[in-house]
Amino acid sequence: MEYNFRKIEADWQKYWAENQTFKAENPALSGVEGNSTKPKYYVLDMFPYPSGAGLHVGHPLGYIASDIYARYKRHKGFNVLHPQGYDSFGLPAEQYAIQTGQHPAITTEENIKTYRKQLDKIGFSFDWSREVRTSDPNYYKWTQWIFTQLFNSWYNKTTDKAEDISTLIAIFSSEGNSEVKAACDADIEKFSSEEWKNFSEEKQQKILLQYRLTFLSETEVNWCPGLGTVLANDEIVNGVSERGGHQVIRKKMMQWSTRITAYAQRLLDGLAKIDWPQPLKDSQTYWIGRSEGAMVSFDVIASETKQSHKIEVFTTRPDTIFGVSFMTLAPEHDLVSIITTPEQKETVEAYVKATAKRSELERMADVKTISGVFTGAYALHPFSGKKVPIWIGDYVLAGYGTGAVMAVPCGDQRDYDFAKHFNLEIPNIFEGIDISEGAYADKENSVITNSDFLNGLPYKKALKRIIHEIEQEGFGYGKVNYRMRDAVFSRQRYWGEPFPVYYKNGLPQMIDLKQLPIVLPEVEKYLPTEDGKPPLGNATIWAWDTIKLEVVSNQLIDNKTVFPLELNTMPGWAGSSSYFNRYMDPENTEEFVSKEAVNYWQDVDLYIGGSEHATGHLLYSRFWQKFLFDKGLVPVDEYAKKLINQGMITGTSAYVYRWEFGKGNDSEMAKKTIFVSKPIMERITKERSTIEHTDKKVISDQVDLLTFCDTNSSEKEWSSFTPIHADVSFVNASDELDIEAFKNWRTEYKDAEFILEDGKYICGREVEKMSKSKYNVVNPDQICEEYGADSLRMFEMFLGPLEQSKPWKTSGISGVLSFLKKLWKLYIVENKFSVSDEEPSKEEFKILHKTIKKVEEDIENFSFNTSVSTFMIAVNELTALKCNKRAILEPMAILLEPYAPHISEELWKNLRHTTSISAVDFPVFEPKYLVESMKEYPVSFNGKMRFKIALPLDISVKEIEDAVMAHEKTQEQLKGREPKKVIIVPGKIINIVG
RNA sequence: GCCUCGAUGGCGGAAUUGGUAGACGCGCUGGAUUCAAAAUCCAGUUUUCGCAAGGAAGUGUGGGUUCGAUUCCCACUCGAGGUACCA
């Protein structure tokens with residue numbers, strides 16, 4: 001009986017699908033008795049974007065890990081929710097549509113089919129009955145709905161949560177807005193309740209828009225007129241578009257944003273209660289960028305303008321306020337045009353224009369060039385009363401703080417550089433600090449001087465005192481600032497969620513849940529329209545009829561009852577921000593998720609996915625969860641208790657070396673293509689002289705091309721090697737190239753010549769990211785076909801720690817396959833499946849229980865690589881003992897099931913069980929089998945192990961010492977010396993010093 | 001620049017609170033089986049000296065703490081990822 005993995009795996013995959021083995025029940029809904037008494041456990045993977053390239057072996061790594069854990073938890077008696085779905089809106093399908101005209105929905109459907117086929121082959125225990133797809137209208141109905149919920153909410157800072165907009169309207173009607181503490185736009189006009197009531201409906205709506213959690217605002221974007229679209233920062237290279245090389249300008253556009261900044265502090269605080277990797281928490285913390293400081297107002301000294309203006313600045317170092325010698329405004333600052341004096345007007349305008357042309361990215365990349373101009377205006381220092389010149393400079397960013405800084409050149413390097421460059425004053429306010437070389441930014445060790453009432457105070461005291469003074473004098477107030485910006489929520493794309501929004505008199509109106517989803521319209525072209533509108537501008541049936549409550553033809557727009565619909569679509573992260581909740585109740589058509597379902601499943605217990613989502617998906621989804629929590633829709637405000645970032649599996653590329661040589665401009669290569677085996681190539685390049693004088697003959701025996709070496713005019717010679725990727729499938733475990741396969745690969749290599757060594761061509765190897773262009777992609781289907789899914793699963797785990805990135809090398813997989821074969825043989829006697837019911841020996845029990853203990857600990861610690869070794873050791877030991885006993889082999893099959901479920905099921909069936917192994921209880925570890933009476937002590941001399949001595953474990957330290965000292969090898973080591981000290985750690989080690 | 005992580009044989013990696021460095025697997029070497037190959041099995045495999053017994057060195061570098069350091073502390077080098085005029 002051979003281990004026929006192909007048949008076994010196909011059979012069990014079919015069995016699981018037919019019997020819905022991994023379907024998770026919602027107890028309250030299903031009425032399935034058994035499950036309601038089980039505790040729940042939710043294991044989630046980050047759902048994939050189904051790309052056209054399909055899966056390579058790197059993709060399933062995290063899925064295998066989570067599947068092992070899910071299967072383990074089932075053995076431990078949990079009702080496990082382990083769903084999977086697709087994040088199926090996205091750019092590649094849209095770009096394919098632009099190129100070919102094929103509807104993205106078709107592309108997506110095809111890709112999903114491929115993905116599903118590939119995933120099924122690996123034997124995951126997903127509950128596919130709960131599958132979600134973000135591009136499915138039945139799913140994005142709820143994405144649209146959450147958007148409307150955000151629109152209908154505001155953030156009340158007093159209660160510190162999101163509330164329905166009606167509570168805000170109630171406050172406005174009763175007392176106006178002066179006392180309202182909300183997360184809202186800056187500079188909202190103040191009004192009384194009377195004024196509110198007298199405002200027009202339109203004005204009221206405009207005001208409310210400034211408070212809503214999703215709102216329209218003018219946002220600066222990278223606009224590319226050539227492509228007619230907005231580009232992300234990484235789509236711009238050197239100031240022009242990556243595709244096409246078109247000019248990119250910064251332009252203000254009306255865009256939807258979501259007010260994630262309202263949750264900045266709670267997003268920060270929440271990190272303390274979730275078990276997520278520290279580096280990931282750190283990057284979220286940094287991204288949120290909380291800084292404490294003060295807002296300070298500086299009066300602009302009125303000149304010809306006659307009007308008084310105030311410049312507000314945010315500073316983290318108000319204690320250095322007496323060091324201010326100038327101020328700098330961002331070129332985009334509103335006051336620039338107002339305060340600039342007539343004499344400076346021309347210079348300033350030219351500067352502003354020049355900076356507007358540069359992309360933000362360019363400005364950030366170019367840190368070294370210092371530029372700026374003087375406005376001609378001065379501000380009044382609030383404490384010293386000195387005149388402070390106001391400059392503009394592009395090192396000040398309009399988007400952070402107030403877009404203006406009080407410059408303290410002695411304490412900030414950028415201010416320092418600016419002051420040096422323009423020859424501005426650099427007053428020193430730090431006691432005993434030399435600032436002739438640069439600014440002094442170490443706040444912990446500074447004492448303030450030359451600063452009036454702050455003189456002699458260290459940082460902390462000075463900070464407290466100055467904030468008090470600022471507030472006392474009415475110059476400003478202490479403030480917490482965040483780096484994080486509100487998230488722009490509009491995309492000028494086709495393949496995304498349409499907004500459930502129409503415009504009445506230019507004001508956005510939400511479409512009611514009852515009419516959702518608003519389905520993506522058909523368009524003829526997926527490109528932006530000629531007049532620069534997003535792709536949905538091409539749709540002809542894209543208007544909202546408020547009477548019929550349906551989408552109708554654009555021709556019917558009368559702006560009375562039929563209105564235009566929003567043309568933007570939602571960003572990629574919209575659909576992924578709450579999908580984990582939807583899995584709990586995916587077929588519910590009435591609610592986003594039912595109370596029963598969400599109260600039962602609560603939250604994700606284990607979430608596995610890549611760290612590249614640290615400041616994207618993983619931040620936005622936490623924000624949405626907190627919002628949904630505020631609205632009472634979910635019971636917890638952090639949705640994932642534990643998160644693990646799996647590492648990347650890189651490829652091991654193979655290289656061949658193409659040799660070109662000649663004299664002067666003359667290239668022999670014009671005639672021939674020669675590939676040189678790596679060791680020879682290295683010898684030629686590294687030890688050229690040796691080659692020419694000694695090894696020449698060896699090589700020239702094979703190929704008559706080394707005339708090159710014979711020439712004496714060495715200064716004219718040249719020779720170079722170009723490494724070229726060879727497909728990894730042509731290269732075996734010993735790095736030998738399959739020359740025939742390589743020749744047949746490409747026509748240009750058909751007549752290639754090879755310089756071999758011992759008849760072999762040895763390739764170079766390099767670890768690189770897996771990618772088509774590097775010919776190092778390994779397809780999991782192929783691995784399953786050749787080695788089986790169980791081998792693939794175990795090998796991926798065996799590669800190394802889950803979180804670590806590690807290179808794939810297909811050759812290694814033979815090790816786990818032969819392990820599985822060896823395991824299989826334990827259950828076979830005389831070519832028949834048979835186990836004995838004999839009582840196992842002490843030794844056999846010890847092997848089993850040692851394995852149970854280790855594997856259980858490993859799974860709990862997500863140390864899957866070490867449990868694969870443990871299995872191998874156990875099978876090696878059991879094989880050595882020729883163990884064939886049911887009492888050992890039955891629990892072994894269960895232990896292995898999370899890792900290699902197919903073979904385990906088959907063994908279980910052959911052990912005469914009639915149900916799936918997947919729900920069987922996990923074997924219980926019993927310490928009694930591991931109790932030892934003897935210990936083989938390592939005996940060290942000065943920390944170096946010299947020999948071992950077997951001693952009983954129950955003897956005293958004194959007895960151990962006597963036994964060791966009496967040992968002949970001890971005396972041999974000491975050579976008559978008296979030991980200075982003997983250290984004995986019972987059960988561990990003996991160390992003799994001397 | 002800043003933040004984070006990492007560095008152990010030819011390769012992937014192991015060593016749970018400081019206690020036998022190199023488990024397990026790949027690769028390699030030799031052998032058995034075979035007409036041959038595949039498959040399987042056995043032995044060896046950190047480097048170095050030695051026929052061997054045995055010795056010496058050894059976890060990126062340099063220090064330190066300790067009876068004892070891959071593990072803890074300090075300084076540094078290199079690599080990977082993230083982030084960046086954030087006031």
Side-chain angles (χ1 to χ4, degrees), chain A residues 2 277-283 285-287 289 291 293 313-317 320 328 330 363-370 393-397 399-408 411-415 417-418 481-485 611-612 614-615 645 647-648 650 652 732-735 765 767 794-795 798-801 803-816 818-819 821-822 825 854 857-858 861 863 865-873 876 936-948 979-985 987-994:
Chain A
E2 286 285 298
Q278 197 55 43
L280 195 145
K281 286 189 185 181
D282 288 346
S283 71
T285 303
Y286 186 71
W287 188 265
S291 56
V313 299
F314 174 74
T315 174
T316 53
R317 297 292 304 273
T320 63
T328 316
R363 249 170 83 180
M364 287 191 289
D366 182 17
V367 182
K368 288 194 188 99
T369 318
I370 294 163
D394 67 359
Y395 79 96
V396 178
L397 301 178
Y400 184 76
T402 60
V405 299
M406 56 173 230
V408 184
D412 183 289
Q413 194 58 43
R414 292 156 304 177
D415 295 343
D417 294 340
F418 196 85
N481 213 34
Y482 298 92
R483 182 206 323 266
M484 184 168 65
R485 307 263 63 90
S611 59
E612 68 271 22
T615 51
N645 291 130
M648 198 177 34
T650 47
T652 310
N732 74 5
S734 318
D735 300 340
R765 287 298 184 110
V767 172
M794 292 203 86
F795 185 55
F798 189 53
L799 280 176
E803 297 92 331
Q804 200 172 300
S805 100
K806 55 238 158 189
W808 175 273
K809 242 185 150 179
T810 302
S811 56
I813 201 171
S814 63
V816 287
S818 53
F819 154 75
K821 284 180 183 166
K822 218 165 162 183
K825 276 189 196 154
K854 176 78 174 135
E857 281 170 3
D858 281 348
N861 294 321
S863 174
N865 54 326
T866 49
S867 20
V868 178
S869 317
T870 303
F871 283 126
M872 288 176 171
I873 293 167
N876 287 346
E936 195 163 49
Y937 280 96
V939 182
S940 305
F941 290 81
N942 299 319
K944 276 225 172 285
M945 206 278 287
R946 294 297 170 181
F947 65 91
K948 287 176 192 171
K980 281 193 202 125
K981 207 171 177 183
V982 178
I983 286 131
I984 292 164
V985 186
K988 283 250 163 93
I989 200 168
I990 296 155
N991 191 20
I992 298 168
V993 187

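All figures in this text were calculated on a predicted structure; none of them were measured in a lab. Naming: A, B, ... by sequence-line order, numbering from 1 per chain.
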How far does the P atom of G82(B) sit from the matching atom of G27(B), given to the nearest Å? 34 Å
Nearest-Å distance once atom C1' is located in both U47(B) and U40(B): 33 Å
How far does the C1' atom of A21(B) sit from the matching atom of U70(B), given to the nearest Å? 8 Å
Under 4.0 angstrom, heavy atoms only, what part of the nucleic acid is T866(A) near: base, sugar-phosphate, or nothing? sugar-phosphate
Of all the choices, A87(B), U20(B), U16(B), which nucleotide is nearest to the side chain of E857(A) once you look at every atom? U16(B)
Identity of whatever pairs with A56(B) - Watson-Crick or G-U, under 3.5 angstrom: U47(B)
Can you tell me the pairing partner of G9(B) across any strand shown, Watson-Crick or G-U wobble, with both distances under 3.5 angstrom? none
Just to be sure I understand the rule, does D282(A) reach a base, reach only the sugar-phosphate, or reach nothing, if contact means heavy atoms closer than 4.0 Å? sugar-phosphate
Applying a 4.0 Å non-hydrogen cut-off, can you work out what T328(A) is touching in the nucleic acid: base, sugar-phosphate, or nothing? nothing
Can you measure D858(A) atom CG to C24(B) atom P for me and round it to whole angstrom units? 15 Å
Work out how far the P atom of C72(B) is from that of U59(B), and round it to whole angstrom. 15 Å
Categorize K809(A) for me: base, sugar-phosphate, or nothing, with a 4.0 angstrom heavy-atom threshold over every strand shown. nothing
Under 4.0 Å, heavy atoms only, any strand: does V993(A) hit a base, just the sugar-phosphate, or nothing? sugar-phosphate
Counting Watson-Crick and G-U wobble pairs only, both distances under 3.5 Å, name the nucleotide matched with A15(B), or none. none
Check: Y937(A) side chain, G987(A) main-chain N or O, donor-acceptor pair, under 3.5 Å: yes
For G79(B) versus G60(B), give the span between their C1' atoms, rounded off to a whole number of Å. 10 Å
Would you say K822(A)'s side chain and N876(A)'s backbone share a donor-acceptor pair under 3.5 angstrom? no
By nearest-nucleotide position on RNA chain B, the 5'-leaning member of K806(A) and F795(A) is K806(A)
Base paired to U70(B) (Watson-Crick or G-U; both N/O distances under 3.5 angstrom): none
Please classify the nucleic acid contact of S814(A) as base, sugar-phosphate, or nothing, using heavy-atom distances under 4.0 Å. sugar-phosphate
Ignoring hydrogens and geometry, is there a side-chain-to-backbone donor-acceptor pair from D412(A) to V408(A) under 3.5 Å? no
Tell me: CG of N732(A) to C1' of C26(B), nearest whole Å? 12 Å
Over 60° means perpendicular and under 30° means parallel, so tell me whether F819(A) and F871(A) are parallel, tilted or perpendicular. tilted
N645(A) CG to G82(B) P, straight-line distance once rounded to whole Å: 13 Å
Need to verify one output field. Residue with the more 5' nearest nucleotide on RNA chain B, S611(A) or G943(A)? G943(A)
Find the distance Y400(A):OH to U83(B):P and express it as a whole number of Å. 18 Å
Proximity to the side chain of P807(A) - top-ranked nucleotide from G19(B), G12(B), C85(B): G12(B)
Do Y286(A) and T615(A) have side-chain heavy atoms sitting under 4.5 Å apart? no
Between K809(A) (side chain) and P807(A) (backbone), is there a donor-acceptor pair under 3.5 Å? no
Regarding Y286(A), tell me which of base, sugar-phosphate or nothing describes its non-hydrogen contacts under 4.0 Å with the strands shown. sugar-phosphate
Within the 4.0 Å heavy-atom criterion, would you say N876(A) contacts the bases, only the backbone, or no part of the nucleic acid? sugar-phosphate
Return the nucleotide paired to A21(B): Watson-Crick means purine N1 to pyrimidine N3 with N6-O4 or O6-N4, wobble means G-U with N1-O2 and O6-N3, both under 3.5 Å. none
K988(A) has its side chain closest, among U17(B), A87(B), G13(B), to U17(B)
Nearest-angstrom distance from the residue atom CG of L280(A) to P of U4(B): 14 Å
Opposite nucleotide pairing with G1(B), Watson-Crick or G-U, both atom distances under 3.5 Å: U83(B)
Watson-Crick or G-U counterpart of U33(B), or none if no pair lies under 3.5 Å: none
Would you say a side-chain N or O of Q804(A) is under 4.0 Å from OP1 or OP2 of G6(B)? no
C24(B) OP1/OP2 closer than 4.0 Å to side-chain N/O of N865(A): no
If we take the C1' atom in both G44(B) and A38(B), what is their distance in whole Å? 24 Å
Out of U20(B), A87(B), C41(B), which nucleotide sits closest to the side chain of K948(A)? U20(B)
On the nucleotide A87(B), are OP1 or OP2 found under 4.0 Å from the side-chain N or O atoms that R483(A) carries? no
Between U83(B) atom C1' and E612(A) atom CD, what is the distance in whole Å? 16 Å
May I ask you to decide if V939(A)'s main-chain N or O and R946(A)'s side chain share a donor-acceptor pair within less than 3.5 Å? no
So what does D735(A) touch, heavy atoms closer than 4.0 Å: a base, only the sugar-phosphate, or nothing? nothing
What's K281(A) touching, base or sugar-phosphate or nothing? Going by heavy atoms closer than 4.0 Å. nothing
Whole angstrom is fine here: how far is it from CH2 in W808(A) over to P in G27(B)? 14 Å
Please determine, for the side chain of I983(A), which listed nucleotide (C67(B), G12(B), A21(B)) has the closest atom? C67(B)
Check the orientation of W808(A) and F795(A). Use parallel for under 30°, tilted for 30 to 60°, and perpendicular for over 60°. perpendicular
Proximity to the side chain of K825(A) - top-ranked nucleotide from C26(B), U40(B), C67(B): U40(B)
Of all the choices, A87(B), G19(B), C5(B), which nucleotide is nearest to the side chain of P279(A) once you look at every atom? C5(B)
Would you classify R946(A) as touching base, sugar-phosphate or nothing, given that sugar-phosphate means primed atoms plus P, OP1 and OP2, and contacts are heavy atoms under 4.0 Å? sugar-phosphate
Check the distance between G12(B)'s P and F819(A)'s CZ and give it to me in whole angstrom. 23 Å
Tell me whether the side-chain N/O atoms of K981(A) come closer than 4.0 Å to OP1 or OP2 in C67(B). yes
Heavy-atom nearest pair, G815(A) first then M872(A), reads O-CE, 4.2 Å
Where does G9(B) fall, syn or anti, if syn means a chi angle no more than 90° from 0? syn
Are K981(A) and N991(A) close enough that a side-chain donor and a side-chain acceptor fall under 3.5 Å? no
Using the P atom as the reference point in each nucleotide, state the distance between G9(B) and A56(B) in Å, no decimals. 22 Å
What nucleic acid atoms does I873(A) come within less than 4.0 Å of, heavy atoms only: base, sugar-phosphate, or nothing? sugar-phosphate
Pairwise C1' distance, G10(B) and C28(B) [rounded to whole Å]: 8 Å
